[in-house]
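Below: the structure, in structure tokens.
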Amino acid sequence: MQKFCRIALAISFAFSSTAFAFEDVSEKALPVLKPEQQHAAASKRITAQFTRAHYKQISVDDTLSQQIFERYLKQLDYSKNVFLASDIAGLQKYREDFDHVIARGKLNVAYDIYNLNLKRRLERYEYALTLLDKPFDFTVKESYNFDREDAAYAKDVDELNELWRQKVKYDALNLTLAGKEWEKVQEVLGKRYRYAIKRLKQSESEDVFQIVMNSFARVVEPHTSYLSPRNAERFQMEMNLSLEGIGAVLRAEEDYTVIQSIVNGGPADKSNQLKPKDRIVGVAQGEDEFEDVVGWRLDDVVELIKGPKGSNVRLQVLPGESDDASSMKIVSIVRDKIKLEDRAAKSDVYYENSLEQTGKKLGVITIPSFYNNLSRDVKAELEKLKEEKVEGVIVDLRGNGGGSLTEATLLTGLFIDKGPVVQVRDGANRVQVNSDRDGYSYYEGPLTVMVDRYSASASEIFSAAIQDYGRGVIVGENTFGKGTVQQHRGLGRVYDLYENPLGSIQFTIAKFYRINGGSTQHRGVQPDIAFPSAIEPEEWGESKEENALPWDQISKARYRKLDDLSTDLAYLDSLHQERIKTNPEFLYLADDIAEYKAEEDDKSISLNLEERKTKREERKAKRLVRANERLGRLGLAKVENLDDLPEALDELDPFLDETAKITFDLVALGKVAKK
């Protein structure tokens, strides 16, 4: 169930080619790529498997052909700054040919389009290099539009050149803001663009097949994909190596290496400095100079980041989706081998007076993923908390992307006597109900469950069951909304005589449903008490995925609510709303949300140096004011520089603090689980 993150990483290899070779290939001509012998067979088998066994009914017709065509072009030129409008007009004749491309293995059309894309990309990077002959004028008031997904294609080369002039100037300004002089900017960008040309000239046939097959797969459904033999093997290797490096799952997004997720308990997690969506723009070994990795292949970046246990790697990171280089930070991490116990569930005691560690006590159980034997570990943590005589329990599922369906059922069973937990419907409309049958609750006291927009799959099954039974209160953000089951299957046959293997596919075979009959797909789980968020549910998660399966419902399972919390929830939420009106951390959050909402429709960024510097200083000043206010509330000395902030601030968790207050309010109501 966590495979949807893995699929994203595997798909990101679609733009990868062979391993980076350091020999000079600058004079080497672009390859003219053609399909290999095994690709026709693989394409036919993929089409047959998707049309026969996928949960979604698929018709191979002109409508599907047009969708694949559009997706393929989007994969090749997401920002619409490579192809010309005339190129796209000339390619329209292929719109209805892609059903033949996939079903009959007639792949030449896809390869012709890719070869044209290679030529246009080479022209763009060669033009970019010519722009580095002299410094840019950063006193001019102009801006760069970094989101061109909905823009029109350039009508001629002059218009395309202007787009790239702004892009190169934007790259140069980012480096200038990072403190680099023009000579260094020339060196870094020259190396970046020449590296991109080198990658183009190392393209291979399997790269094209990977992209066109995943264009087909993602038109079907977002968690469906094709993995070529080499990329599937490389993916598994990189996943294992990442667990022995910094503990981060990476993916490629345009020219950037983006953090897909952080492995709980790993070095990156313990650093408290990296988060999903952060972009790695530079890598350095120990105290060596940084290597600029913008535009690099994903596997080459991973090769730089991984390393032996105990060694140090430094990363230059652009936080989140920020396009302001002034927000770039340097993160130093000591590589390590991640131990299983680091990722296991753990519990802590939360005191009502947290600073003095006095007063009433709650138990907080943090669950990073639904791994095998999770329920056994949580049972042990519950025993520890009972000995501490806690008055309530918080289960923290923030950032939990899922895992074992069986463990989701068993974990729910620790908090209910018995009954159904989740329903699973396959493509033939057969419904299976997974239930807890032991007749015993391991914890019957007040319960809250923390979720956020990264909580997915098994996390949603557990929190939905707790909500449907009225067993506890769900607190936080609307969850991700992944309610589907995937199956992995190889394409090879024992009788195949092809020189190269055929790869494998991942496809959706079933959907999850709550015991109340509603699906967790698309909508996720809506919290009973929602924290303020800049991101609306419809702007995040499965609901933003193209071609995601829709929400629907089936019949309710046979179960009886343990409690009707509707009146209590209204009371608890009213207390929560009153508190956050004067809570400094939630006031900061409200201010940030207002700022985000005011700027979210602006897809451009200034190319004026002074404007960018001014904005950077304003943000730093704002962060410093908040930091000193926090230090004052903790009774600590103020600082004059953000670099001098003490570690005590890293331990602040205002969302957990507020959830604890909600839980203490719940305790006061005297709620326990009914049999």
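- Here CG of Leu304 is found 4.5 Å from CH2 of Trp296. Values are rounded to the nearest 0.5 Å.
- Within a 6.0 Å radius of NZ in Lys544, no more than 12 heavy atoms belonging to other residues, nucleotides or ligands are found.
- The closest donor-acceptor contact from the side chain of Asp452 to the backbone of Gly399 lies under 3.5 Å.
- For Asn161 and Arg165, the side-chain atoms include no donor-acceptor pair closer than 3.5 Å.
- The environment of CD in Glu599 is crowded: more than 12 heavy-atom neighbours from other residues, nucleotides or ligands sit within 6.0 Å.
- Residues that satisfy the ring pair (Phe, Tyr, Trp, His ring centres under 6.0 Å) test with Trp551, not counting sequence neighbours, are absent from this structure.
- In plain terms, the two heavy atoms of Met328 and Ala178 that are nearest each other are CE-CB, 3.6 Å.
- The backbone N or O of Thr663 sits nowhere less than 3.5 Å from a side-chain atom of Thr448 that would complete a donor-acceptor pair.
- Put simply, the side chain of Lys169 gets close to the backbone of Asp137: a donor and an acceptor are under 3.5 Å apart.
- A donor-acceptor pair under 3.5 Å is formed between the side chain of Asn608 and the backbone N or O of Thr139.
- Counting only distance, with no hydrogens or angles, the side chain of Glu291 and the backbone of Val283 share no donor-acceptor pair below 3.5 Å.
- Rounding to the nearest 0.5 angstrom, the gap separating the CG atom in Leu129 from the NZ atom in Lys191 is 14.0 Å.
- With rounding to the nearest 0.5 angstrom, the CZ atom of Arg619 is 13.5 Å from the CG atom of Leu642.
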Side chain to side chain contact (heavy atoms under 4.5 Å, CB included) between Leu274 and Ile333, worked out: CA-CA 10 Å; Leu274 294 176; Ile333 298 177; 3.6 Å; yes
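- What you find for Gln166 and Ser143 is that their closest heavy atoms are OE1-O, 3.8 Å.
- A distance of 7.5 Å separates CD of Glu149 from NZ of Lys80, quoted to the nearest 0.5 Å.
- Counting heavy-atom neighbours within 6.0 Å of Lys346 NZ, excluding the residue itself, gives a total of 12 or less.
- Using a distance-only test at 3.5 Å, with no hydrogens or angles considered, no donor-acceptor pair links the side chain of Asp348 to the main chain of Tyr350.
- A donor-acceptor pair under 3.5 Å is absent between the side-chain atoms of Ser606 and the main chain of Glu611, judged by distance alone.
- In this model, a donor atom of one side chain and an acceptor atom of the other lie less than 3.5 Å apart for Tyr195 and Asp300.
- Listed for the Gln357 side chain is no donor-acceptor partner under 3.5 Å among the backbone atoms of Tyr351.
- Exactly one residue among Glu477, Glu538, Glu536 makes a salt bridge (Lys or Arg N to Asp or Glu O under 4.0 Å) with Arg453. That residue is Glu477.
- No donor-acceptor distance shorter than 3.5 angstrom exists from the side chain of Arg523 to the backbone of Asn478, with no hydrogens or angles considered.
- Within the structure, the salt bridge (charged side-chain N to carboxylate O under 4.0 Å, His left out) test picks out the following pairs touching residues 625-645 (sequence neighbours left out): Glu585-Arg630, Glu585-Arg633, Asp591-Arg626, Asp592-Arg626.
- The two residues Pro222 and Glu542 make their nearest non-hydrogen contact at CG-OE2, 4.1 Å.
- Listed for the Asp77 side chain is a donor-acceptor partner under 3.5 Å among the backbone atoms of Asn81.
- Note that CZ of Arg612 is 4.5 Å distant from CG of Leu173, once rounded to the nearest 0.5 Å.
- Residues meeting the ring pair (Phe, Tyr, Trp, His ring centres under 6.0 Å) test with Phe531, sequence neighbours left out: His576, Phe586, Phe655.
- Counted within 6.0 Å of OH on Tyr571, heavy atoms from surrounding residues, nucleotides or ligands total 12 or fewer; the atom is thus considered open.
- Here the CD1 atom belonging to Ile593 is positioned 4.0 Å from the CG atom belonging to Leu589, to the nearest 0.5 angstrom.
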